[in-house]
Amino acid sequence: MPELPEVETVRQGLAKWVAGRTIATVEVHHPRAIRRHLPGDAHFIAMLQGRTVVDVARRGKYLWLPLDSGDAIVGHLGMSGQLLMQPAEAEDEKHLRIRFTFTDGGPQLRFVDQRTFGGLAVSDGGAELPDEIAHIARDPMDELFDDDAFVARLRGKHTEVKRALLDQTLISGVGNIYADEALWRARLHGARPTDALTGPAARRLLAHVREVLGEAIVAGGTSFDELYVNVNGESGYFDRSLNAYGREGEPCHRCGTPIRREQFMNRSSFSCPRCQPRPRTH
DNA sequence: CGCGCCTCCTGTGTGC
DNA sequence: TGCACACAGGAGGCGC
């Protein structure tokens with residue numbers, strides 16, 4: 001499930017393989033793959049053909065490819081999206097949605113997406129920061145992320161701490177897996193109310209978020225199945241380092257208590273019953 | 001306006 | 001063996 005470390009791994013691969021190359025052709029194989037782009041496929045294609053990719057940028061779980069035109073390709077992988085570099089002769093993937101070829105005749109860029117929660121769009125004049133991403137907060141790996149402002153906003157919210165970590169307008173890039181991992185490291189239950197967190201506790205949590213994201217980037221991300229791979233089709237190996245996510249019934253790596261699984265926000269949450277006691281409810 | 005629930009989508013695994 | 005259903009979950013939209 002692509003979160004910040006997986007998207008950053010893809011970004012690095014794309015930067016290496018497509019920066020500086022000029023787009024020759026674009027094929028759209030599925031209508032849902034083009035997101036929020038009202039003018040349609042023809043316009044999407046026309047704005048991209050003949051353009052040179054200048055760079056590959058990321059904020060949170062969003063990627064964008066600034067073009068020499070000043071526009072940008074904006075992408076989100078959703079649940080199952082992949083951006084793959086493939087030789088022209090490679091067989092089409094079952095869920096191939098968009099294909100880019102380049103004027104140098106080298107490897108193609110393919111957007112492949114089983115569940116079609118992901119998609120690409122063209123952002124008019126979005127090379128610097130696409131409008132489509134303007135509402136997304138900076139992520140904690142961004143050197144301009146404001147720790148003080150984050151702590152103040154977090155503590156000012158009237159919600160549960162895991163909900164806040166998943167709020168991409170507060171802090172971006174954290175999804176279900178890394179939220180659970182950061183909460184485990186911080187010894188906090190996800191249902192803890194944000195307005196009851198002390199400043200130091202909020203700062204410790206942020207430090208743990210940053211630490212787990214950093215370690216996962218080094219590992220190339222977390223792959224449970226074939227749905228997340230880098231641009232060369234390779235899996236990340238951070239799943240070996242997980243302490244909470246997906247470990248229901250297995251011993252906590254700190255205290256040995258079996259990890260519990262709870263339903264939260266219509267999805268699974270994993271935590272240690274002993275290290276992360278549930279807050280008292282009133 | 002803040003908060004939280006619902007929905008989109010498809011392949012895989014499980015239980016009867 | 002086959003069918004029904006739960007599950008995976010990011011994020012936009014909408015209702016309270």
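Per chain, numbering begins at 1; letters A, B, ... match sequence-line order.
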Looking only at side chains, do [X] and [Y] share a donor and an acceptor under 3.5 Å apart?
{"X": "A:Thr159", "Y": "A:Thr194", "answer": "no"}
{"X": "A:Arg21", "Y": "A:Thr103", "answer": "no"}
{"X": "A:Asp239", "Y": "A:Thr222", "answer": "no"}
{"X": "A:Glu93", "Y": "A:Gln82", "answer": "no"}

Would you say [N] has OP1 or OP2 under 4.0 Å from some side-chain N or O of [X]?
{"X": "A:Thr116", "N": "B:dT10", "answer": "no"}
{"X": "A:Tyr62", "N": "C:dG12", "answer": "yes"}
{"X": "A:Lys94", "N": "B:dG11", "answer": "yes"}
{"X": "A:Arg163", "N": "B:dC3", "answer": "no"}
{"X": "A:Lys157", "N": "B:dG2", "answer": "no"}
{"X": "A:His95", "N": "B:dC9", "answer": "no"}
{"X": "A:Gln168", "N": "C:dA11", "answer": "yes"}

Handout entry: Sugar-phosphate, base or nothing in reach of A:Ser80, heavy atoms under 4.0 Å
Key =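 The residue A:Ser80 makes no contact with any strand.
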
Exercise for the section: State plainly whether one hydrophobic cluster holds both A:Val53 and A:Phe44, where clusters connect Ile, Leu, Val, Met, Phe, Trp and Tyr through side-chain heavy atoms under 4.5 angstrom apart. Expected result: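 Yes, A:Val53 connects to A:Phe44 through the hydrophobic network.
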
Exercise for the section: Kindly say whether A:Pro140 contributes a backbone atom to a donor-acceptor pair with the side chain of A:Arg210 at under 3.5 angstrom? Expected result: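 Checked: pair present.
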
Separation of [X] atom [atom1] from [N] atom [atom2], in whole Å?
{"X": "A:Ile171", "N": "C:dA11", "atom1": "CD1", "atom2": "P", "value": "13 Å"}
{"X": "A:Phe264", "N": "B:dC3", "atom1": "CZ", "atom2": "C1'", "value": "12 Å"}
{"X": "A:Met79", "N": "B:dT7", "atom1": "CE", "atom2": "P", "value": "17 Å"}
{"X": "A:Gln82", "N": "C:dG10", "atom1": "CD", "atom2": "C1'", "value": "16 Å"}
{"X": "A:Lys162", "N": "B:dG4", "atom1": "NZ", "atom2": "P", "value": "14 Å"}
{"X": "A:Asp167", "N": "B:dC5", "atom1": "CG", "atom2": "P", "value": "14 Å"}
{"X": "A:Lys61", "N": "C:dG12", "atom1": "NZ", "atom2": "P", "value": "10 Å"}
{"X": "A:Arg58", "N": "C:dG10", "atom1": "CZ", "atom2": "P", "value": "15 Å"}

Please determine, for the side chain of [X], which listed nucleotide ([options]) has the closest atom?
{"X": "A:Asn176", "options": "B:dT10, B:dC9, C:dG10", "result": "C:dG10"}
{"X": "A:Arg115", "options": "C:dG12, B:dC9, C:dG10", "result": "B:dC9"}
{"X": "A:Thr159", "options": "B:dG4, B:dC3, B:dG11", "result": "B:dG4"}
{"X": "A:His135", "options": "C:dG10, C:dG12, B:dC9", "result": "C:dG12"}

Exercise for the section: For A:Gln114 and for A:Arg32, locate the closest nucleotide of DNA chain B by heavy-atom distance; then report the residue assigned to the nucleotide nearer the 5' terminus. Expected result: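 Nearer the 5' end of the strand: A:Arg32.
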
Exercise for the section: Would you mind telling me which residue lines up with the more 5' stretch of DNA chain B, A:His158 or A:Arg267, judged by nearest nucleotide? Expected result: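 Between the two, 5'-proximity favours A:His158.
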
